[in-house]
Amino acid sequence: MSTWDWQVFCKDTATGDILPSCFAAGGKELTYLQWMLHAWGWTLSVALMALLVALVVGSVMGIFRTTPRRWLVALGETWTEVFRNIPLIVQIFLWYHVLPALFTPLRGLPSYILVVFALGCFTSARISEQVKAGILTLPRGQRYAGLALGLTLPQTYRFVLLPMAFRIVIPPMTSESMNIIKNSSVAFAVSITELTFFAMQSAEETSRPIMMYSAATLLYFISAFAINRIAKFIEQRVQVPGMIGSK
């Protein structure tokens, strides 16, 4: 059989029979194409939920690190350094094996939720750095002007600093959003059926590693490229003329 025999995706995953349609498996089993698309859905779900966690937590920690409150700065710095300096795969295992043993409420959570938190917290450390850099890039006069107008410190962040800072950090955040798609591949380590898990298992079952890994690579590329284009569109729509980095 040819190395590039695309009919392998129309095989029944249980019997190995080639079916008339790649979307019509016999019985309750899937074809390899259906399994791959199902795995792609898991990859996107885990990545997007982790990105939401990373954006919220990372933004908060980045803001903390630029405030005049020393205890908030210490909290933000500690969070960032801890999650930035531990390898992602180790964090996955900590969330999956260690934390549920220490904290009973975590034992009932599905494994993909634990992976979402692990990946989200890992990425939040990088988002924190970017938000901090975006705020510190702004002239100090903007903070002082907001306070001079009678705004509280939280109001100054909300209405003066953050709207401009987030515009500045869209490009690096785009890279992190693309990275989170690729980093979601570590979920295979706890048996979540995402793209990397699919590629490994299907390559072993069909003896067609080139086909399976090529297909998974293509879907990773499509996912990351789509995020890049969406972020580029948002960047163009929210850009302020004369802003740092504007064209």
Side-chain angles (χ1 to χ4, degrees), residues 36-65 76 79-96 99 106 109-135 162 165-200 213 215-238:
M36 182 178 69
L37 295 178
H38 178 77
W40 192 20
W42 273 110
T43 290
L44 294 177
S45 298
V46 169
L48 293 177
M49 287 191 292
L51 179 59
L52 179 60
V53 172
L55 288 174
V56 173
V57 177
S59 297
V60 171
M61 293 302 163
I63 292 168
F64 283 176
R65 297 169 70 195
W79 178 278
T80 301
E81 293 303 321
V82 167
F83 287 99
R84 184 172 61 178
N85 292 304
I86 300 176
L88 176 56
I89 191 66
V90 175
Q91 294 190 38
I92 294 289
F93 288 135
L94 287 174
W95 278 89
Y96 189 76
L99 293 182
L106 294 179
L109 293 179
S111 57
Y112 77 90
I113 294 295
L114 297 175
V115 171
V116 164
F117 281 117
L119 185 55
C121 291
F122 174 80
T123 309
S124 72
R126 304 173 67 88
I127 297 291
S128 170
E129 285 287 350
Q130 293 158 8
V131 171
K132 175 186 175 182
I135 294 173
L162 293 182
F166 278 121
R167 286 171 166 85
I168 293 173
V169 300
I170 286 178
M173 280 192 177
T174 299
S175 296
E176 289 307 319
S177 300
M178 295 168 67
N179 284 337
I180 210 168
I181 290 283
K182 295 175 284 186
N183 288 339
S184 67
S185 62
V186 299
F188 87 91
V190 291
S191 300
I192 294 177
T193 54
E194 46 72 61
L195 278 174
T196 299
F197 184 92
F198 157 78
M200 295 173 62
Y213 282 108
T217 299
L218 177 62
L219 293 182
Y220 277 120
F221 172 80
I222 291 173
S223 304
F225 185 76
I227 287 181
N228 178 277
R229 293 297 90 194
I230 292 171
K232 187 66 176 178
F233 174 78
I234 294 173
E235 181 184 4
Q236 293 174 343
R237 293 297 298 269
V238 303

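Quantities reported herein were computed from a predicted structural model and do not represent experimental measurements.
- Once rounded to the nearest 0.5 Å, the distance linking CH2 of Trp42 with OG1 of Thr193 reads 6.5 Å.
- Side chain of Thr43 to backbone of Leu195: a donor-acceptor contact under 3.5 angstrom is found.
- Distance check, rounded to the nearest 0.5 Å: CG of Leu88 to CG of Asn179 gives 11.0 Å.
- If you take CE on Met200 and OG on Ser185, they are separated by 10.5 Å, rounding to the nearest 0.5 Å.
- Glu194 places a side-chain N or O within donor-acceptor distance of the main-chain N or O of Phe197, the cut-off being under 3.5 Å.
- Two residues are said to be in side-chain contact when any heavy atoms from C-beta on lie closer than 4.5 Å; Trp79 and Val57 meet this criterion.
- With a 4.5 Å cut-off on side-chain heavy atoms, Thr174 and Ile230 do not count as touching.
- Between Arg84 and Glu81, at least one side-chain nitrogen of the basic residue sits less than 4.0 Å from a carboxylate oxygen of the acidic one, meeting the salt-bridge criterion.
- The OG1 atom of Thr196 lies 12.5 Å from the NZ atom of Lys182; values are rounded to the nearest 0.5 Å.
- Judged as a side chain to side chain donor-acceptor pair (under 3.5 Å), and not counting sequence neighbours, the contacts of Ser128 are Arg65, Thr80.
- Separation of atoms CG (Leu48) and OG (Ser223) is listed at 9.0 Å; rounding is to 0.5 Å.
- One distance of note links NZ of Lys132 with CD1 of Ile127; it measures 15.0 Å at 0.5 Å rounding.
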Side-chain donor-acceptor distances from residues 114-123 under 3.5 Å, at least two apart:
residue: Thr123; atom: OG1; partner: Leu119; partner atom: O; Å: 2.9

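- Figure legend: Arg229 and Phe233 shown without cation-pi pairing, the cationic atom not lying both under 6.0 angstrom from the six-membered ring centre and within 45 degrees of its axis.
- In this structure, Phe221 and Phe225 have parallel ring planes: the angle between them is below the 30° cut-off, well short of the 60° mark.
- When atom types are taken as modelled, the side chain of Gln91 and the backbone of Ile86 share a donor-acceptor pair closer than 3.5 angstrom.
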